[in-house]
Undergrad: 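Okay, handing you the structure first.
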Amino acid sequence: RPWNKSGAMDTESTTTSETMTTCIRRKALHMSNRDIVLSLRPIVLGLQDNNDYQTLCDSLEKMDFLQVESVSRDENEIMKEVFDIYRQARALEAASVPTDEDEVPLKYKVAAIEIRNAILFSELEEIGEGMKVYRGFVPNMQVQGQVTKVVIRPQDEAFWDRCINLCMEDYPVCGVGNPGIGKTTTSLYALQQLVRERRTPVVYTIRKTLGSKDVFYEFTPVVDPESTQLNDVAVKIYQIAASEKHLKIPALQNTNAVYFVDSGAYEYSCDDAGDCEAKFIMDASNDEKHWGGSNFTKFRGSASPLEMLDRPTRTHPGILVLGSPWTGRQVVLAKPYLHLLQQLTDNEVLRRYRIVGGSLRDVLFFDERNFTNKVQTALELDAITIRGLVEGRYKFTFQPNAPSSILVGVCPSDNALTVLKTTLKSDHIEECLAMKHLRTS
């Protein structure tokens with residue numbers, strides 16, 4: 001497949017000494033670039049099995065827009081040629097994506113149509129114990145132009161379903177969880193539930209650093225008025241300062257739309273619920289700076305009639321919905337679908353988990369020395385806090401002076417996913433904390 005180990009589309013030649021001249025060409029047919037992209041998508045993204053040369057060629061020969069010469073070829077080289085046609089058609093389609101200004105980089109337009117196609121066509125399949133995986137590759141929501149395998153746990157479905165249900169009741173919602181548990185990675189599931197299943201317009205963004213223009217993706221379901229069948233999803237991109245979004249994105253003044261914000265690299269509050277008429281969902285790591293602290297959960301109404309005329313008001317306080325760390329069992333079940341873990345034994349995966357705990361990202365990109373050094377730094381706490389953590393009596397807050405998320409995991413203790421429970425993130429951290437407590441008590 002034309003993907004490198006990081007999930008990027010690999011365009012470098014894989015030619016072998018036996019490879020002959022090009023054998024696959026795009027015919028000059030009046031077929032839209034989008035139709036070509038959708039036709040090749042199952043092959044390029046691994047949605048259908050083409051495990052041998054003949055099966056691959058048979059699949060390609062059925063496509064009227066391709067000319068396939070019957071010559072002996074290396075399968076990897078054939079896939080590269082197929083991908084080149086796919087990439088060219090995708091770039092031409094992306095160039096036609098409407099934007100608010102001409103200089104939006106092509107990579108964002110490509111990301112928009114890949115996410116749109118995933119919203120429409122990507123499907124989940126069971127892998128055991130309630131866990132699911134998207135068939136083939138899906139867009140990497142964090143890196144434009146890359147694809148990845150995404151595993152959805154029962155906890156992820158419950159997390160996003162709860163966020164969406166509260167949002168539809170006009171509560172501003174912030175989904176909170178430890179870094180690395182998959183909030184951004186699994187946001188495709190939430191987009192599918194909103195756009196494909198609920199026919200809801202969504203404006204989606206991942207915030208950048210202060211001073212940068214943000215990219216806002218607008219996904220609008222195109223529904224048949226008689227059958228209510230979803231025919232398509234329209235896409236538009238805005239690259240603007242976040243402070244201008246409510247002025248330049250009409251959908252944000254639609255009370256039936258959803259403004260979906262990932263806190264990303266932004267260092268300050270992303271709570272923009274008061275700027276827009278649209279419903280509001282945000283996801284963030286467990287630091288209150290992302291949602292503005294206690295102000296987010298306060299009642300949003302205004303006592304001033306003049307102020308109510310000037311800007312949208314909220315009739316509900318914001319709600320924090322809590323995500324769950326991964327279990328060791330879940331990481332092992334996901335291992336066959338995650339490239340960075342496939343070559344490891346179950347014992348090695350569980351050893352990593354024992355050290356870093358429920359952050360899948362830390363298990364995937366395991367750096368034992370760096371992580372253990374971070375743990376030692378984070379353990380520079382006063383004796384009272386150390387004792388409270390050891391005895392399970394520490395009242396965790398989301399404030400900057402709280403113990404680091406390196407040490408503490410947050411998760412829900414109730415079915416509504418809104419009552420906070422804290423745990424130590426891993427066995428290794430628990431042992432280090434116990435030793436620290438013995439030395440300070």
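Values below: every heavy atom of this structure, side chains too, minus hydrogens, waters and symmetry copies. Because the structure is predicted, anything quoted here is derived from the model rather than measured.
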Undergrad: Is the side chain of Arg352 donor-acceptor paired with the backbone N or O of Val363 at a distance under 3.5 Å, no angle test?
TA: yes
Undergrad: As a quick check of understanding, evaluate side chain to side chain contact (heavy atoms under 4.5 Å, CB included) for Ile164 and Arg198, giving each step before the final call.
TA: CA-CA 10 Å; Ile164 291 170; Arg198 295 179 180 253; 3.4 Å; yes
Undergrad: With sequence neighbours left out, write down each residue that passes ring-ring contact (aromatic ring centres under 6.0 Å, His included) with Phe398, or none if nothing qualifies.
TA: Trp291, Phe396
Undergrad: Using every non-hydrogen atom in the two residues, find where Lys436 and Leu379 come nearest and quote the distance to one decimal.
TA: CE-O, 3.2 Å
Undergrad: With no hydrogens and no angle check, is any side-chain donor or acceptor of Asp272 less than 3.5 Å from a backbone partner on Asp275?
TA: no
Undergrad: So do the side chains of Ser269 and Lys289 get within less than 4.5 Å of each other, counting heavy atoms only?
TA: no
Undergrad: With side chains defined as the heavy atoms from C-beta onward, is the minimum distance between Phe216 and Ile237 less than 4.5 Å?
TA: no
Undergrad: So, taking the atom named NZ in Lys149 and the one named CG in Leu338, what distance separates them when rounded to the nearest 0.5 Å?
TA: 9.0 Å
Undergrad: Go through the steps for Arg354 and Glu431 under the test salt bridge (charged side-chain N to carboxylate O under 4.0 Å, His left out), then give the verdict.
TA: CA-CA 11 Å; Arg354 185 181 180 280; Glu431 291 166 1; 2.2 Å; yes
Undergrad: Between Asp232 and Ala234 (side chain of the first, backbone of the second, donor and acceptor by atom type, cut-off under 3.5 Å), is there such a pair?
TA: no
Undergrad: If only atom types and distance count, is the side chain of Lys183 paired as donor or acceptor with the main-chain N or O of Gly177 below 3.5 Å?
TA: yes
Undergrad: Test of understanding: with ring-ring contact (aromatic ring centres under 6.0 Å, His included), list the residues that count as partners of Phe260, not counting sequence neighbours.
TA: Trp160, Tyr204
Undergrad: Could you tell me the separation between the CG atom of Leu166 and the SG atom of Cys174, rounded to the nearest 0.5 Å?
TA: 12.0 Å
Undergrad: Would Tyr189 and Asp161 count as a side chain to side chain donor-acceptor pair (under 3.5 Å) if you check the C-alpha gap in whole Å, the side-chain angles of each, and the deciding distance to 0.1 Å?
TA: CA-CA 9 Å; Tyr189 172 85; Asp161 290 345; 3.1 Å; yes
Undergrad: Where do Val258 and Cys167 come nearest, in terms of heavy atoms and distance?
TA: CG2-SG, 3.9 Å
Undergrad: Kindly say whether Thr200 contributes a backbone atom to a donor-acceptor pair with the side chain of Asn256 at under 3.5 angstrom?
TA: no
Undergrad: So does Arg393 have more than 12 non-hydrogen atoms from other groups sitting under 6.0 Å from CZ?
TA: yes
Undergrad: Looking at residues at least two apart in the chain, or sitting in another chain, which of them share a salt bridge (Lys or Arg N to Asp or Glu O under 4.0 Å) with Glu218?
TA: none
Undergrad: For the residue pair Asn295 and Asp271, establish whether any side-chain heavy-atom pair is separated by less than 4.5 Å.
TA: no
Undergrad: Is any side-chain heavy atom of Lys132 closer than 4.5 Å to one of Pro154?
TA: no
Undergrad: Apply salt bridge (Lys or Arg N to Asp or Glu O under 4.0 Å) to Arg351 and list each qualifying residue two or more places apart in sequence or on a separate chain.
TA: Glu348, Glu368
Undergrad: Does Leu210 form a side chain to side chain contact (heavy atoms under 4.5 Å, CB included) with Tyr266? I'd like the steps, not just the answer.
TA: CA-CA 6 Å; Leu210 183 66; Tyr266 196 62; 3.7 Å; yes
Undergrad: Check each of Ile355, Thr372, Leu389, Leu407 against Ile429 using the side-chain contact (heavy atoms from CB on, under 4.5 Å) test, and report the only one that passes.
TA: Leu407
Undergrad: Does either side chain, that of Arg41 or that of Ser122, offer a donor lying less than 3.5 Å from an acceptor on the other one?
TA: yes
Undergrad: Of the non-hydrogen atoms in Leu340 and Leu344, which two are nearest, and what is the gap between them?
TA: O-CD1, 4.1 Å
Undergrad: Are the side chain of Asn254 and the backbone N or O of Ala278 linked by a donor-acceptor pair below 3.5 Å?
TA: no
Undergrad: Could you go through residues 318-330 and list every donor-acceptor pair under 3.5 Å that involves a side-chain atom there, pairing it with any protein atom two or more places apart or in another chain?
TA:
unit_1, atom_1, unit_2, atom_2, d
Trp326, NE1, Ile181, O, 3.0
Thr327, OG1, Gln330, N, 3.1
Arg329, NE, Glu129, OE1, 3.4
Arg329, NE, Glu129, OE2, 3.0
Arg329, NH2, Glu129, OE2, 2.7
Gln330, OE1, Arg153, NH1, 3.3
Gln330, OE1, Thr327, N, 3.1
Gln330, NE2, Gln155, OE1, 2.9

Undergrad: For the pair Asp214 (side chain) and Lys208 (backbone), establish whether a donor and an acceptor sit closer than 3.5 Å, ignoring hydrogens and angles.
TA: yes
Undergrad: Given side chain to side chain contact (heavy atoms under 4.5 Å, CB included), test Gln142 with Thr185 step by step and report yes or no.
TA: CA-CA 7 Å; Gln142 302 185 73; Thr185 301; 3.6 Å; yes
Undergrad: Would one find more than 12 heavy atoms of other residues, nucleotides or ligands at under 6.0 Å from atom CD of Gln343?
TA: no
Undergrad: Do Ile249 and Ile240 come close enough that some side-chain heavy atom pair is under 4.5 Å?
TA: yes
Undergrad: Taking all heavy atoms of Ala95 and all of Leu106, pick out the closest pair and write down the distance.
TA: N-CD1, 4.2 Å
Undergrad: With the side chain counted from C-beta on, respond yes when Pro403 and Thr385 share a heavy-atom pair under 4.5 Å apart, and no when they do not.
TA: yes
Undergrad: Using the test side-chain hydrogen bond (donor to acceptor under 3.5 Å, both in side chains), find all partners of Arg135 that sit at least two apart in sequence or belong to another chain.
TA: none
Undergrad: From Leu360 CG over to Tyr353 OH, what is the distance, rounded to the nearest 0.5 angstrom?
TA: 10.5 Å
Undergrad: Just do the side chain to side chain contact (heavy atoms under 4.5 Å, CB included) check on Ile43 and Met79 with the steps written out, would you?
TA: CA-CA 9 Å; Ile43 295 177; Met79 282 301 302; 3.9 Å; yes
Undergrad: For a quick test of reading the model, state the closest non-hydrogen atom pair linking Lys425 to Val408 and the distance between them.
TA: CG-C, 3.6 Å
Undergrad: State, to 0.1 Å, how close Leu120 and Arg34 come at their nearest heavy-atom pair, and which atoms those are.
TA: CD1-NH2, 3.6 Å
Undergrad: Using a 4.5 Å cut-off on heavy atoms from C-beta on, say whether the side chain of Ser413 contacts that of Val419.
TA: yes
Undergrad: Can you check whether Lys213's main-chain N or O pairs, donor with acceptor, with Gln239's side chain at less than 3.5 Å?
TA: no
Undergrad: Hey, are Asp156 and Thr186 close enough side-chain-wise for a donor-acceptor pair under 3.5 Å?
TA: no
Undergrad: Take a 6.0 Å sphere around CG of Asn415 and say whether it holds more than 12 heavy atoms from other residues, nucleotides or ligands.
TA: no
Undergrad: Counting only N and O atoms by type, is there a donor-acceptor contact under 3.5 Å from the side chain of Gln192 to the main-chain atoms of Ala118?
TA: yes
Undergrad: Check whether any side-chain heavy atom of Phe366 lies under 4.5 Å from a side-chain heavy atom of Phe371, and answer yes or no.
TA: no
Undergrad: Would you compute the distance between atom CG of Asn286 and atom CG of Asn178 and round it to the nearest 0.5 angstrom?
TA: 4.5 Å
Undergrad: How far does CD1 of Ile386 sit from CG of Leu438, to the nearest 0.5 angstrom?
TA: 11.0 Å
Undergrad: Starting at OG1 of Thr205, measure out to OH of Tyr217 and round the result to the nearest 0.5 Å.
TA: 8.0 Å
